[in-house]
Amino acid sequence: MADLTLLPSQPALPELSALLDVIKEPATILSLDYRILACNQAYAAIYGDGEAVLGRTCYEVSHGYHVPCDQAGESCPLKRCLDTGQRQRVLHLHNTPEGEEHVDVEMNPVRNAEGELICYLEIMHLVKEARATPGEGDGMVGRSPAFSRMLELLRRAAPSDITVLLLGESGTGKELAARAVHDGSSRARGPFVTVECSGLTESLFESELFGHERGAFTGAVGRKKGLIEAARGGTLFLDEIGEIPLPQQVKLLRLIETGTYRTVGGIEPQHADFRLVCATHRDLKQQVAQGLFRQDLYYRISAFPVILPSLADRPEDLELLIESLLARIPGAEGVSVTEAAIRLLRQYAFPGNIRELRNILERGMLLTDDGRIGVQHLPPECQHVDSVLAPAPYSGFPVDEVIPLDQLERYYLQRLSARFKGDNRSLAERLGVSERTLYRKLSRLR
């Protein structure tokens, strides 16, 4: 029992003690009133922080709360476990010596021989695919509710071989999300192969994906291994799958359905062995309706769709992303962004999302002479956002009276449309809505 710590005043619970002893990840036994009865050394090392954890509540140790998570605005796995009587999993941010980190919390009800609930077994699965604090490396970073929801879905899908479809605007980090699915799977030690689908002609698509034999076509002077073969035992990531023309879609569907393919110029069928992850910024359902994307292929690749939030959907992550990107940009050591510039960036819609934010920081880094990126170092579209997109004072609306949101939106759009000098497409991008949505809203003003 060297790896187990028990609260002296509690019964030994030998079966549970033995279970805790063999769990490598942080694990605890919790009483019905949230108190830690026992924990293994992995838990004490991470969450003890030099203090005894036994007898304290789980929400105090993990979050520093004085009340259970559900009373602090979060989903509480213990409360859900109590309500349902079933095992629960919830993604949380927990305190650690390294700062707050994402943890996939698994809560299991424990009953005695009579079926009575006596305690809970809590296991902490540390999330390595994403960080909640600034740091070097190329992994995902975020802590906003929208980011956490996405991360929880990726964690759910990763251990299986289910096909994942990543949906999101350009620049939201779809390849990083696909890599997270790969790294969390049983194929993590296998290759991760990316196929850029946009711009591939039919012949090039087949040659790149399936490979070709010597003499298969003019210029094929030798055998070329395809990306399907390169991905054997690992993950094949088809980026921007919505760009594949219909003729290639038929071949891809056959590959997915049969698990076999032929190289260009080859005769013998080859067996494919990969986990498929796809991504697109397009509305595939709309493309299906327009006859631009095969319905049968859509249902094959959309078994587990995950929406990647835009930067406008996760404003709480802006400063964290700025710190993280500056830590990753070569030559940006010691560079910072002024508070005035951050205030301006908070109002910007970021149509290019995280990729655009990185470009803004790289540009500002080259323009500043003192290592501080200020308002004057931001692109013109960012510098003007406060004067054009920020709501003007709502004169005519009493501040002590509750006004329906649709009236406020109508007033704001009336003033904005009169002052904005660009076209509707540019305005929609700045506002973070589709051009069709903006057109519908503006048409109601007439």
message: Tell me the closest heavy-atom pair linking T133 and L320, and the distance in Å.
response: C-CD1, 3.6 Å
task: Output all residues satisfying side-chain contact (heavy atoms from CB on, under 4.5 Å) with K225, sequence neighbours left out; order by chain, then residue number.
output: R223, E229, A230
query: Will you find, in the side chains of Q88 and Y120, an N or O donor that is under 3.5 Å from an N or O acceptor?
result: no
message: To the nearest 0.5 Å, what is the distance between SG on C278 and CZ on R300?
response: 12.5 Å
message: Would you say that more than 12 heavy atoms from the other residues, nucleotides or ligands in this model lie under 6.0 Å from the CD1 of I23, or not?
response: yes
message: Hydrogens and angles aside, do H281 and E240 bring a side-chain donor and acceptor to less than 3.5 Å of each other?
response: yes
message: Salt bridge or not between K285 and D283? Use side-chain N to carboxylate O under 4.0 Å.
response: no
CA sep, side-chain torsions, deciding dist, call: T194, E175, side chain to side chain donor-acceptor pair (under 3.5 Å): CA-CA 8 Å; T194 299; E175 185 165 354; 3.3 Å; yes
query: Closest approach of P26 and Y47, non-hydrogen atoms and distance?
result: CB-CE1, 4.0 Å
- request: May I ask you to decide if E100's main-chain N or O and N95's side chain share a donor-acceptor pair within less than 3.5 Å?
  value: no
- request: Hey, could you give me the CG/CG distance between L236 and L209, rounded to the nearest 0.5 Å?
  value: 6.5 Å
task: Consider only side-chain N and O atoms of D370 and T368, and report whether a donor and an acceptor are under 3.5 Å apart.
output: yes
task: Begin with the C-alpha distance, continue with both residues' side-chain angles, and end with the deciding distance and a verdict on side-chain contact (heavy atoms from CB on, under 4.5 Å) for V195 and F237.
output: CA-CA 6 Å; V195 181; F237 174 47; over 6 Å; no
query: What is the distance from atom SG of C197 to atom CD1 of I241, rounded to the nearest 0.5 Å?
result: 6.0 Å
task: For E243 and R282, work out which heavy atoms get closest and say how close.
output: OE2-NE, 2.6 Å
field: Under 3.5 Å donor-acceptor, S302 side chain and P305 backbone
entry: no
- prompt: Are T28 and I123 side-chain neighbours, meaning at least one heavy-atom pair lies under 4.5 Å?
  reply: no
task: Carefully, step by step, assess Q270 and R262 under the rule side-chain contact (heavy atoms from CB on, under 4.5 Å).
output: CA-CA 6 Å; Q270 307 293 320; R262 285 188 176 89; over 6 Å; no
message: Within the 3.5 Å criterion, strictly below it, is a donor on R80 or S75 matched to an acceptor on the partner's side chain?
response: yes
Could you list the donor-acceptor pairs under 3.5 angstrom formed by side chains in residues 150-160, with sequence neighbours left out?
| residue | atom | partner | partner atom | Å |
| --- | --- | --- | --- | --- |
| R155 | NH1 | E129 | OE1 | 3.3 |
| R156 | NH2 | R89 | O | 3.2 |
| S160 | OG | A157 | O | 3.0 |
| S160 | OG | I162 | N | 3.2 |

field: Shortest non-hydrogen contact from Q249 toward I244
entry: NE2-O, 2.7 Å
field: Audit row: E316, R143, salt bridge (Lys or Arg N to Asp or Glu O under 4.0 Å) steps and yes/no
entry: CA-CA 8 Å; E316 307 95 327; R143 54 181 298 121; over 6 Å; no
task: Using a 4.5 Å cut-off on heavy atoms from C-beta on, say whether the side chain of V193 contacts that of R232.
output: no
query: Can you name the nearest heavy-atom pair linking A130 to E101, along with the distance?
result: O-OE1, 4.4 Å
message: Using 0.5 Å steps for rounding, measure from the CZ atom of F210 to the CG atom of L255.
response: 5.5 Å
- prompt: Any side-chain heavy atom of I360 sitting closer than 4.5 Å to one from L378?
  reply: yes
message: Y59 vs E74, test: side chain to side chain donor-acceptor pair (under 3.5 Å). Steps then yes/no.
response: CA-CA 11 Å; Y59 51 80; E74 291 196 57; over 6 Å; no
- prompt: Are L292 and Q286 close enough that some pair of their side-chain heavy atoms sits under 4.5 Å apart?
  reply: no
- prompt: Between the main-chain N or O of G168 and the side-chain N or O of K174, is there a donor-acceptor pair closer than 3.5 Å?
  reply: yes
message: With side-chain contact (heavy atoms from CB on, under 4.5 Å) as the criterion, how do I256 and L297 come out once you've worked through the C-alpha distance, each side chain's angles and the decisive distance to 0.1 Å?
response: CA-CA 9 Å; I256 297 173; L297 177 58; 3.9 Å; yes
task: State, with a plain yes or no, whether a side-chain heavy atom of T57 is found less than 4.5 Å away from one of Y65.
output: no
message: Under a plain distance cut-off of 3.5 Å, with no hydrogens placed, do D317 and S144 share a side-chain donor-acceptor pair?
response: yes
Any donor-acceptor N/O pair, H63 side chain to E60 backbone, under 3.5 Å: no
- prompt: Taking the side chain from R254 and the backbone from V250, do they hold a donor-acceptor pair closer than 3.5 Å?
  reply: no
task: Using a 4.5 Å cut-off on heavy atoms from C-beta on, say whether the side chain of V181 contacts that of F304.
output: no
message: Apply side-chain contact (heavy atoms from CB on, under 4.5 Å) to residues T280 and L166 and explain how you reach the verdict.
response: CA-CA 7 Å; T280 182; L166 303 173; over 6 Å; no
task: Grab the two heavy atoms, one from L253 and one from D296, that are nearest each other, plus how far apart they are.
output: CD2-OD2, 3.2 Å
message: Side chains of I373 and L367, heavy atoms from C-beta outward: is any pair under 4.5 Å?
response: no
query: E169 pairs by side chain to side chain contact (heavy atoms under 4.5 Å, CB included) with which of N353, D313, L311, I354?
result: N353
Enclosure of R346 CZ (heavy-atom neighbours >12, cutoff 6.0 Å): yes
Salt-bridge criterion met for R189 and D183 (N-O under 4.0 Å): no
field: Pairs flagged by ring-ring contact (aromatic ring centres under 6.0 Å, His included) wherever residues 139-180 is involved - sequence neighbours left out
entry: H102-F147
- prompt: Can you tell me how far the OH atom of Y299 sits from the CG atom of L165, to the nearest 0.5 Å?
  reply: 12.5 Å
query: Are the side chains of P68 and K79 in touch, meaning some heavy atoms are under 4.5 Å apart?
result: no
query: So, are E362 and R358 salt-bridged, with charged N and O less than 4.0 Å apart?
result: yes
- prompt: Distance from S336 atom OG to I322 atom CD1, nearest 0.5 Å?
  reply: 10.5 Å
query: Does the side chain of H125 pick up a donor-acceptor pair with the side chain of E106 at under 3.5 Å?
result: yes
